[in-house]
Protein chains: 2
Amino acid sequence: MVQGIYEDIAGTLRSHGLQVTSQRILIYDYLIHTREHPSAQQVFEDVFESLPGISKATVYNTLEVLSNHGLIQKININSGVTRYDGDTSVHSHLICTHCHRIIDYFDDSFLGLRVPENLWNGFEVKRTCVIFYGVCDSCREELAAQAKEKRKARKDCVVPFKRDLKQVDAWLTVKTKG
Amino acid sequence: MVQGIYEDIAGTLRSHGLQVTSQRILIYDYLIHTREHPSAQQVFEDVFESLPGISKATVYNTLEVLSNHGLIQKININSGVTRYDGDTSVHSHLICTHCHRIIDYFDDSFLGLRVPENLWNGFEVKRTCVIFYGVCDSCREELAAQAKEKRKARKDCVVPFKRDLKQVDAWLTVKTKG
DNA sequence: CTCTAATTTTAGAATGATTATAAGATATCA
DNA sequence: TGATATCTTATAATCATTCTAAAATTAGAG
């Protein structure tokens, strides 16, 4: 059968109660096979080559659906753009803060971290995420060294902090009067 | 001296080569003392009460400057909004995927994870981030259980994946012809 | 203390990712 | 094959964040 190569993906979608559409198959298939942790825009552009006319809204909808069903994984980095990973197996990510490249990292010593006790302070852990921010090989020489380690202990403060206005006013007055 | 309570913060700013302004002092002071991991919008609203007229652009500028100097920390969660943490000590975060609350979590057993060997595949690690996504105590009962664990091994694929167009066309033809 | 240059703040516009909408197309199932 | 629920689409709308250029402020020299 010609469509045999997509039968497994179609079956996976059905097993999650999702309708099978060519858009979903191609997006999921794409994410499973790429290692580039693409953004929605990248998914759109690459899948568009296989399925011209696909809408960006469909890409967002599908990514959301697949993510909600645990078939893919969202990755949030310091760039304002969500990235997607078709590999839901246990692994960490090295994220380059310069070029925003995301590299898969597998290390058995982190496995213990992955499945912690399920309830902490009444919080039920669903997924553990280990991210190493840094600079990748190809970016290192481009970057100026600005590593400064500053650790300031936080004062004990349980309630939402609100500075006493009189103190602030007094200080501002001192600083701003001519 | 009236402004004594801000002298330490002013000194910290100066030691990082930053000019001392009332905006920076109040924002940094606010972040050090709150435990709410606020967004830029929340910082703006709360600091606005102490310093009416402060601009949102200043809040963003200041948060960026403080973050770049390691005085505060950005937290990226699955909500499209960056959160900020004035506590730069070693700790993890529990993030509720429902209400987006962020809870500090301290556990010595993760300390080993925090300072890994510095070079992996040429990648230089600057910061390690452990996040536990889940559902907080007050949100658990509101949520429908949709935990499905699906693990699909990724096929070995080194180059950026591109599906053969003829196969896709053939399949799409089968699926779409009347 | 005063002056000057460099830096910072500001308001508002611009950007860009993501989400909402409602109409049309498609998948599913009897 | 037909009915119905679901999905896709184009477009508009939203909203966090960044950009811009002018006004205000800081820091340091005199």
Side-chain angles (χ1 to χ4, degrees), chain A residues 3 6 9-11 13-28 38-45 47-48 51-69 74-84 100 171-178, chain B residues 3 6 9-11 13-28 38-45 47-48 51-69 74-84 100 171-178:
Chain A
Q3 67 269 43
Y6 293 120
I9 289 182
L13 293 175
R14 285 193 198 97
S15 74
H16 282 263
L18 300 173
Q19 283 195 6
V20 176
T21 67
S22 50
Q23 291 87 347
R24 286 176 174 177
I25 285 184
L26 289 173
I27 289 172
Y28 188 32
S39 64
Q41 174 68 31
Q42 287 174 293
V43 173
F44 171 70
E45 290 174 6
V47 172
F48 193 92
L51 192 60
I54 190 174
S55 163
K56 199 175 283 187
T58 300
V59 172
Y60 276 102
N61 288 342
T62 302
L63 292 173
E64 190 64 21
V65 166
L66 295 177
S67 173
N68 287 341
H69 284 264
K74 286 186 181 182
I75 307 173
N76 289 95
I77 66 179
N78 286 339
S79 79
V81 183
T82 300
R83 307 277 285 269
Y84 297 88
H100 299 134
W171 185 82
L172 292 176
T173 304
V174 170
K175 294 297 286 184
T176 57
K177 80 177 178 194
Chain B
Q3 67 268 44
Y6 293 119
I9 289 182
L13 293 174
R14 285 192 200 96
S15 73
H16 282 265
L18 299 173
Q19 283 195 8
V20 176
T21 68
S22 50
Q23 291 86 347
R24 284 176 176 175
I25 285 183
L26 289 172
I27 290 172
Y28 187 32
S39 64
Q41 174 68 30
Q42 286 174 293
V43 173
F44 171 71
E45 290 173 7
V47 172
F48 193 92
L51 191 61
I54 190 173
S55 164
K56 197 175 285 186
T58 300
V59 173
Y60 277 102
N61 289 341
T62 302
L63 292 172
E64 190 63 22
V65 165
L66 294 177
S67 172
N68 287 340
H69 284 264
K74 287 186 181 180
I75 307 173
N76 290 96
I77 66 179
N78 286 338
S79 78
V81 183
T82 299
R83 307 279 283 270
Y84 297 88
H100 299 133
W171 186 83
L172 291 175
T173 303
V174 170
K175 294 298 287 184
T176 55
K177 80 179 178 191

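Convention: sequence-line order gives letters A, B, ...; per-chain numbering from 1. Both backbone and side-chain heavy atoms feed into the values below; hydrogens, waters and symmetry mates do not.
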Under-4.0 Å side-chain N/O to phosphate OP1/OP2 contact, [X] with [N]:
| X | N | answer |
| --- | --- | --- |
| A:Thr62 | D:dC7 | no |
| B:Ser39 | D:dA16 | no |
| B:Arg14 | D:dT26 | no |

[X] side chain, from C-beta outward: closest of [options]:
| X | options | result |
| --- | --- | --- |
| A:Gln23 | C:dA27, D:dT8, D:dA16 | D:dT8 |
| A:Tyr60 | C:dA17, C:dT28, C:dT9 | C:dA17 |
| A:Ile54 | C:dA17, D:dT9, C:dT9 | D:dT9 |
| B:Ser55 | C:dT10, C:dT28, D:dA10 | C:dT10 |
| B:Thr58 | D:dC7, C:dT10, D:dT8 | C:dT10 |
| A:Ala40 | C:dT18, D:dT17, D:dA27 | C:dT18 |
| A:Ala57 | C:dT18, D:dT11, D:dA16 | D:dT11 |

To the nearest angstrom, how far is [X] atom [atom1] from [N] atom [atom2]?
| X | N | atom1 | atom2 | value |
| --- | --- | --- | --- | --- |
| A:Phe44 | C:dT18 | CZ | C1' | 14 Å |
| B:His16 | D:dA27 | NE2 | C1' | 19 Å |
| B:Gln19 | C:dT9 | CD | P | 8 Å |
| B:Lys74 | D:dT18 | NZ | C1' | 11 Å |
| B:Phe48 | C:dA11 | CZ | C1' | 12 Å |
| B:Ile25 | D:dT25 | CD1 | P | 15 Å |
| B:Asn61 | D:dA21 | CG | P | 15 Å |
| A:Leu63 | D:dC7 | CG | C1' | 15 Å |

#### Entry: Closest-nucleotide ordering on DNA chain C, the 5'-leading residue of A:Arg83 and B:Lys56
B:Lys56

### Nearest-0.5 Å distance, OH of residue B:Tyr6 to CG of residue B:Leu26
5.0 Å

#### Entry: Donor-acceptor contact present, side-chain A:Arg24 to main-chain A:Gln19, <3.5 Å
yes

### Side-chain heavy atoms of B:Val20 within contact of B:Ile9, under 4.5 Å
no

### Task
Answer whether the closest heavy-atom distance between the side chains of B:Ile54 and B:Ile27 falls below 4.5 Å.
yes

### Query
At their closest point, which heavy atom of B:Ser39 faces which heavy atom of B:Tyr84, and how far apart are they?
C-CD1, 4.3 Å

### Task
Have a look at A:Thr82 and say if it touches a base, only the backbone sugar-phosphate, or nothing, with a 4.0 Å heavy-atom cut-off.
sugar-phosphate

